[in-house]
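For reference, the structure is listed below as structure tokens.
Reminder, nothing fancy here: chain letters follow the sequence lines and each chain counts from 1.
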2 protein chains.
Amino acid sequence: MSVSPPTLADVAERAGVSRQTVSNAVNNPDLLRPDTLARVQESIEALGYSPNRAARNLRTRASHLIGMRIGPAQEGTANATMDRFVHSLVETSREAGYHVLLFAGDGHDPEAGYADLLRSTAVDAFVVTDTYLGNPQASWLEERRAPFVAFGRPWEALNSRHPWVDVDGAAGTELATRHLLDKGHERIAWIGWRKDSRIGEDRRSGWTRAMHERGLPTTGLASRVEDTISSGREASAHLLDSARPSAFVCASDTLAMGVLHTLRDRHLRAGDNIAVIGFDDSQVAQVVPPGLTSVRQPLEQVAVEVVKALEGLLAHPPLVGTGVMLTPTLAVRGSS
Amino acid sequence: MSVSPPTLADVAERAGVSRQTVSNAVNNPDLLRPDTLARVQESIEALGYSPNRAARNLRTRASHLIGMRIGPAQEGTANATMDRFVHSLVETSREAGYHVLLFAGDGHDPEAGYADLLRSTAVDAFVVTDTYLGNPQASWLEERRAPFVAFGRPWEALNSRHPWVDVDGAAGTELATRHLLDKGHERIAWIGWRKDSRIGEDRRSGWTRAMHERGLPTTGLASRVEDTISSGREASAHLLDSARPSAFVCASDTLAMGVLHTLRDRHLRAGDNIAVIGFDDSQVAQVVPPGLTSVRQPLEQVAVEVVKALEGLLAHPPLVGTGVMLTPTLAVRGSS
DNA sequence: TTGAAAGCGCTAACAA
DNA sequence: TTGTTAGCGCTTTCAA
């Protein structure tokens, strides 16, 4: 950018008005007489004027930027929910006049990135996504009265008063399990995460609920492991031997892919011999043969609700809504 | 943020120095006497001071923000290169003192997002990634003398003078083909993109080169289709019938997954009966049974080179380097 | 309905 | 080595 862009003053001079009138033309067009407005707008157009962000931000004490932290890319798993969410968030934010600023985590000091952006007033608000870690960020931000919306409910901190948006995981696995039950399966196994994962236990509860509803036992049909391919593979191999299930419901697509590994090892075919359902409707679920049935989180809708909450938070006076819970759907494919 | 963060003046008062001295303590600490510096730093620490970005941006005419456009999430494919790249870019930018600002494309006016951010001096530079579209953005930005680095070489515009970073696709497919040749395969088929894709033709050339090098024919062994699962599926079915290949090299993991679909349809097993190699080392390649061998772009390294070029571009005086070509590697898995 | 003055918080240039 | 002055481009009073 060798030559600096036009300023308010340039537009004002060309249109033969004062700078404030140009500012009004941009921010409060109703205040101008129609002919003045037209003249100013013509000049804005001709000069290709756009208000300088830094100056505007300084004056209005707002950046129209939403900060979101992203961790390193997850390789060797099927997990890409946050990547998909980022796309939706960027899209939705644009419609609300916001851009998304991405920042990296600092391994041993999770709050560092937040603190700096907050104190330097670089962003207006945050979207916090990693609530499953016990969410130290949320309470930290709350203490500092920083505006933020969480994607994920406040599992333990019931007294927290920040807005959040989440997807009902139990409803998703219940949907999945019912789908299998309706297909005639009775021995449906669960492969989920370790007990200290609130999200994992929530998703598991949907499976038990659907099973018990039909009077079916769940004992011996469940496994709790790490969220990796190999764990899913081992757990499914073990369950097949010990409990002879005809179907698997998994807490993640990653675990479900582990099951597909086991099926291949044993020359079984997902969808023909054994049904498998994953969670997240990742690209992996969409393209793996014969297609992995999976619970799909409505991320576009999550983004819409997050931005809505953000707008409330940043309004004058702030309008703090409560939590929003969304319901997932089931993407049915060949594996069931 | 109910109470506004401390300013330079607050720190100055507490430390008993002028505002300028505080500014120097932050930006040119060498200029201060050690004891003054220590006193100022103590105050900065105590007050939790961080320079206001808007004010600094206004004054220095820089935002320390890098703009990157992302399109909607690609579903139904294995393609997620850009998502992975974003992670690396965010990480690398941080080390260089930059944040990444994401913006959405505006369907029918691809330049709109760029123009606005440029004129409002919201970002210091862009990273342009969608060079495969014939890259109207690149020449558009070049005309406006906007600083940007492209991830992707300037295929047609040979006179373009902007820095770029790219990965040698032909070298990747050559690596893949040689790997198969070394395993004893002789009838190796190619499934790639339509002829108008420069990237597709480049990747194809690596396959032909490796084949011809060993004196093997390629006639009848190639197919050019859309980048979708179903195209890959149909193309591979057709090739299996017409040319009886023992291996497939594909221009993308998406196409390779199409091949896996065909193999499943025919009760063949990738890796046992037929070898398959994809391109991009997506999550899909990493988790699908029995593992999809795939060409891996060194995206972390791409990010490093992109940021390096960006720093040159934004230096005073600007230091415009030439293009940088990186070499991919082959992630070998069960499918070969 | 339009214009003048002030100042957001910072840093570059210069003076002491 | 430190302090003073000015001004980046904008919007918010307030006056005309």
Round to a whole Å and report the spacing from NE2 of B:H316 to C1' of C:dA12.
13 Å

Calculate the interatomic distance between B:L47 atom CG and C:dG9 atom C1'; express it in whole Å.
15 Å

Is the shortest distance from a Lys or Arg side-chain nitrogen in A:R39 or A:E42 to a carboxylate oxygen in the other one below 4.0 Å?
no

Atom CD of residue position B:E111 - does it have more than 12 heavy atoms of other residues, nucleotides or ligands inside 6.0 Å?
yes

B:S18 side-chain N/O to D:dT4 phosphate OP1/OP2 under 4.0 Å
no

Between A:V167 and A:F151, which heavy-atom pair has the shortest distance, and what is it?
CG2-CE1, 4.4 Å

Is the closest side-chain heavy-atom distance between A:L117 and A:L65 below 4.5 Å?
no

A:R53 CZ to C:dC10 C1', straight-line distance once rounded to whole Å
20 Å

Rounding to an integer number of Å, can you tell me how far B:N52 CG sits from D:dC10 C1'?
14 Å

Atom-to-atom span, CG of B:L58 to P of C:dC10 - whole angstrom:
12 Å

Send over the distance from B:R33 CZ to D:dT2 C1', rounded to a whole Å.
9 Å

Between the protein and nucleotides 11-15 of chain D, list every N/O to N/O distance that falls short of 3.5 Å.
{"from": "D:dT11", "atom 1": "OP1", "to": "A:N27", "atom 2": "ND2", "distance (Å)": "3.0"}
{"from": "D:dT11", "atom 1": "OP1", "to": "A:R56", "atom 2": "NE", "distance (Å)": "2.8"}
{"from": "D:dT11", "atom 1": "OP1", "to": "A:R56", "atom 2": "NH2", "distance (Å)": "2.9"}
{"from": "D:dT11", "atom 1": "OP2", "to": "A:S23", "atom 2": "OG", "distance (Å)": "2.9"}
{"from": "D:dT11", "atom 1": "O2", "to": "A:R59", "atom 2": "NH1", "distance (Å)": "2.5"}
{"from": "D:dT11", "atom 1": "O4", "to": "A:Q20", "atom 2": "NE2", "distance (Å)": "3.4"}
{"from": "D:dT12", "atom 1": "O4'", "to": "A:R59", "atom 2": "NH2", "distance (Å)": "3.4"}

Minimum-distance pair of heavy atoms, taken over all atoms of B:P6 and B:L47
CG-O, 3.3 Å

On a heavy-atom basis, which atom in B:D83 and which in B:H87 lie closest, and how many Å separate them?
O-CD2, 3.0 Å

For A:Y114, the ring-ring contact (aromatic ring centres under 6.0 Å, His included) test, sequence neighbours excluded, returns A:F103, A:F126

With respect to the phosphate group of D:dT2, does any side-chain polar atom (N or O) of B:T21 fall under 4.0 Å of OP1 or OP2?
no

note: B:E13, atom CD; D:dG3, atom C1'; distance rounded to Å ~ 16 Å

Can you tell me the distance, in whole Å, between the CG atom of B:L31 and the C1' atom of D:dT2?
10 Å

Quantify the bending of the helix from C:dT1-D:dA16 to C:dA16-D:dT1 as the angle between its end axes, each fitted on five pairs, to 10°.
30°

B:E143 atom CD, neighbour heavy-atom count above 12 within 6.0 Å
yes

Taking only N and O in the side chain of B:T7, is any of them less than 4.0 Å away from OP1 or OP2 of C:dC8?
no

Shortest non-hydrogen contact between A:D168 and A:M325, atoms and distance:
N-SD, 3.7 Å

